[in-house]
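See below for the structure under consideration.
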Amino acid sequence: MNVIMMGPPGAGKGTQAERLARQYGIPKISTGDILREAVHDGTDLGRQAKAIMARGDLLSDEVMIGIVRERLDRADAQAGFILDGFPRTVKQAQVLDEMMTGRGPFIVIDFEVPDEELIRRLRLRRECSRCGAGAAFEEDGAGAEAQAESCRRCGGPLVPRSDDNDESVRERLIVYQRERGPLVEYYRGRPTFHVINGAQHPNRVTHEVSLAFANGARHPGTWRDAGAARGTVS
Ligand code: AMP
């Protein structure tokens, strides 16, 4: 199963991708995580990405396509993958279609969440300052959201993500709104395109994503015919 998760920052793509990757035994490939790791490690890519990410802009299509092409070529992605944060532009989506030739169908899930809820979530979001792992919210006994006090992976201290400051969040939401329309237009006619209300309880969202998976499995290959009919797949 190949899955693309679209949605604004804070929509819960990462959380859902993580859960489903575990459930289906396929890798979660987050372009944001790959870039953050590069920044953390101080590689050439990381140096290039740091300032762009801090101001909430997008890296170039060329760089992002190179990263994803290399990642999808690895052995662990051959049986399927969940892409989180790519494609973000129509150019990236077009090249992804080319990369998918011969790899079977993919489903596209678009999470919708109102801006006020995104801003609320991003203000609360934390990551580990030592290993960079994201800290998911957990439920306390009463079913309310509770933030862990330290990293579940390495025990390190949790801090806000550096690009979750108000200015960068505003910019990322603007950039997302600008790119989303053409991307949705690109995918909308495919039977495996699903819009899911990401403002619901995370467990409900996971349930709806699983239904979309099941639906995608029932329609292997149909997206390609639909795309070809609309002249979007060569
Ligand atoms: P994310 O964790 O998906 O919110 O991504 C964090 C940041 O990484 C974004 O604000 C962009 O600066 C950059 N980024 C991640 N994925 C892409 C992409 N597909 N195209 C361009 N920039 C990206």
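Here the closest heavy-atom approach between residue Leu58 and residue Ile52 is recorded as O-CG2, 3.6 Å. Scanning both residues, Cys128 and Cys154, for their nearest heavy atoms gives SG-SG, 3.6 Å. Closest of all the heavy-atom pairs between Gly155 and Ser150 is O-CB, 3.6 Å. Between Val184 and Met6, the closest heavy-atom pair is CG2-CE, 3.9 Å. The minimum heavy-atom distance linking Pro8 with Phe111 is given by the pair CD-O, 3.4 Å. Nearest heavy atoms, Glu149 versus Leu158: C-CD1, 4.0 Å.
Salt bridge annotation for Asp163-Arg161: present, with a cationic side-chain nitrogen under 4.0 angstrom from a carboxylate oxygen. Between Arg180 and Glu185 there is no salt bridge, since no side-chain nitrogen of the basic residue lies less than 4.0 Å from a carboxylate oxygen of the acidic one. A salt bridge links Asp33 with Lys28; the closest basic N to acidic carboxylate O contact falls under 4.0 Å. Of the charged side-chain nitrogens involved, at least one lies within less than 4.0 Å of a carboxylate oxygen, so that Glu208 and Arg204 count as a salt-bridged pair. Under 4.0 Å is where a charged nitrogen must lie from a carboxylate oxygen, and between Arg170 and Glu167 no such pair does.
Around CZ of Arg69, the count of heavy atoms belonging to other residues, nucleotides or ligands within 6.0 Å does not exceed 12. In the displayed structure, Glu70 atom CD is contacted under 6.0 Å by more than 12 heavy atoms of other residues, nucleotides or ligands.
Note that CG of Asp84 is 5.5 Å distant from NZ of Lys13, once rounded to the nearest 0.5 Å. Atom-to-atom distance recorded for Glu127:CD and Arg36:CZ is 6.5 Å, nearest 0.5 angstrom. In this structure, CD on Glu37 lies 9.0 Å from OG1 on Thr43, to the nearest 0.5 angstrom. Interatomic distance, CG of Leu96 versus CG of Leu72, reported as 7.0 Å (0.5 Å rounding). One distance of note links CG of Leu20 with OG1 of Thr206; it measures 6.0 Å at 0.5 Å rounding. Distance check, rounded to the nearest 0.5 Å: NE2 of His40 to OG of Ser129 gives 8.5 Å.
A side-chain donor-acceptor contact under 3.5 Å links Gln92 and Asp61. Between the side chains of Asp97 and Tyr186, a donor-acceptor pair is found at a separation under 3.5 Å.
The ring of Phe106 has its center no closer than 6.0 angstrom to the ring center of Phe81.
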Full working for side-chain contact (heavy atoms from CB on, under 4.5 Å) between Ile4 and Ile109: CA-CA 6 Å; Ile4 312 299; Ile109 297 179; over 6 Å; no
For a side chain to side chain donor-acceptor pair (under 3.5 Å) check, start with the C-alpha distance between Asn165 and Arg123, then their side-chain angles and the critical distance, and finish with the verdict. CA-CA 8 Å; Asn165 60 78; Arg123 286 201 175 123; over 6 Å; no
Start with the C-alpha distance between Arg172 and Ser168, add both sets of side-chain angles, then the distance that settles side-chain contact (heavy atoms from CB on, under 4.5 Å), and finish with yes or no. CA-CA 6 Å; Arg172 279 150 66 209; Ser168 165; 3.4 Å; yes
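A 4.5 Å side-chain heavy-atom check between Leu59 and Leu35 finds at least one atom pair inside the cut-off.
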